[in-house]
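Everything below concerns the one structure shown next.
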Amino acid sequence: MIGNFILSAVLLILSGYILTESASFPNLGGSTFAGPGFFPSLCAGFFIFGAVVILIMEIYRIVTVREGDKTYVQMEMEKVSAVWARIKGNVVGVARMVALPVLMFAYGRLLKVWGFEISTFLFLVLGMLVCGQRKIKYLIIVPLVALVIVYLIFIRFLHVSIPTMFL
């Protein structure tokens, strides 16, 4: 229930942003029906439609659904309490779930500063540590092999430019 309301709000905010951005796209002289802003506006329309349908369904459930002496809201709040209890019992998993996106963000920011080699090696080592790997040989060998493979594929074979410091 709460997740559906959050999803609806996010969809409505996203569609509003898409509509305001696509309104600034050029019209191409009015010669075509579907200019550059047509597809984003169409997607925003589908998002709005989906958000409204989800809201209507949830409101309908709140008003009509009952099981015995419990309302839909009471049943959903019990589910939320059970999920919070599981989250509190799995603090390590929640910390990992937060740490990995933080590592990804830091990797993206440090890629230009430290270069591909150092940033990728550190990201892979720290990611493996966060995921529970503690054997030193794996913490060194896997990132090095991954660096060599990525280097060979992207730089040597595909000729993709990446921010390097040493290679």
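Sequence positions, counted from 1, serve as the residue numbers for this chain.
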Please round to the nearest 0.5 Å and tell me the distance separating atom [atom1] of [X] and atom [atom2] of [Y].
| X | Y | atom1 | atom2 | result |
| --- | --- | --- | --- | --- |
| Thr64 | Ile59 | OG1 | CD1 | 11.5 Å |
| Ile155 | Ile153 | CD1 | CD1 | 11.5 Å |
| Leu124 | Leu147 | CG | CG | 6.5 Å |
| Glu76 | Asn4 | CD | CG | 8.0 Å |
| Ile140 | Met128 | CD1 | CE | 10.0 Å |

Polar side-chain atom of [X] near backbone of [Y] as donor-acceptor pair, under 3.5 Å:
| X | Y | answer |
| --- | --- | --- |
| Gln74 | Thr71 | yes |
| Ser119 | Phe116 | no |
| Gln133 | Lys135 | yes |

Look at the side-chain heavy atoms of Ile, Leu, Val, Met, Phe, Trp and Tyr, link any pair under 4.5 Å apart, and say whether [X] and [Y] land in one connected group.
| X | Y | value |
| --- | --- | --- |
| Leu42 | Phe25 | no |
| Leu126 | Leu144 | yes |
| Phe5 | Tyr60 | no |
| Val52 | Tyr17 | no |
| Ile13 | Phe46 | no |

Return the minimal non-hydrogen interatomic distance between [X] and [Y], and the atom names on each side.
| X | Y | result |
| --- | --- | --- |
| Arg156 | His159 | O-CE1, 3.2 Å |
| Phe121 | Pro143 | CD1-CB, 3.5 Å |
| Ser15 | Ala44 | CB-O, 3.5 Å |
| Ser8 | Ala51 | OG-O, 3.3 Å |

If you count heavy atoms of other groups shown closer than 6.0 angstrom to CZ of Phe39, is the number above 12?
no
Neighbour count above 12 (heavy atom, 6.0 Å) for Phe154 CZ: no
Cluster membership besides Ile18, Ile/Leu/Val/Met/Phe/Trp/Tyr side chains within less than 4.5 angstrom, sorted by chain and number, is Leu7, Leu11, Leu14, Phe47, Ile54
Students should find that the hydrophobic cluster of Val53, defined by side-chain heavy atoms under 4.5 Å apart, otherwise consists of Phe49, Met57
Do NZ/NE/NH1/NH2 and the carboxylate oxygens of Lys70 and Glu67 come within less than 4.0 Å? no
Any side-chain donor near an acceptor of the partner, Glu58 and Tyr72, under 3.5 Å:
yes
List the steps and the verdict of side chain to side chain contact (heavy atoms under 4.5 Å, CB included) for Val10 and Ile6. CA-CA 6 Å; Val10 168; Ile6 293 171; 4.3 Å; yes
Counting only pairs under 3.5 Å, give me each side-chain donor-acceptor contact of residues 83-111, with atom names and distances, residues two or more places apart or in other chains.
residue	atom	partner	partner atom	Å
Asn90	OD1	Gly93	N	3.1
Arg96	NE	Val130	O	2.7
Tyr107	OH	Thr120	OG1	2.8

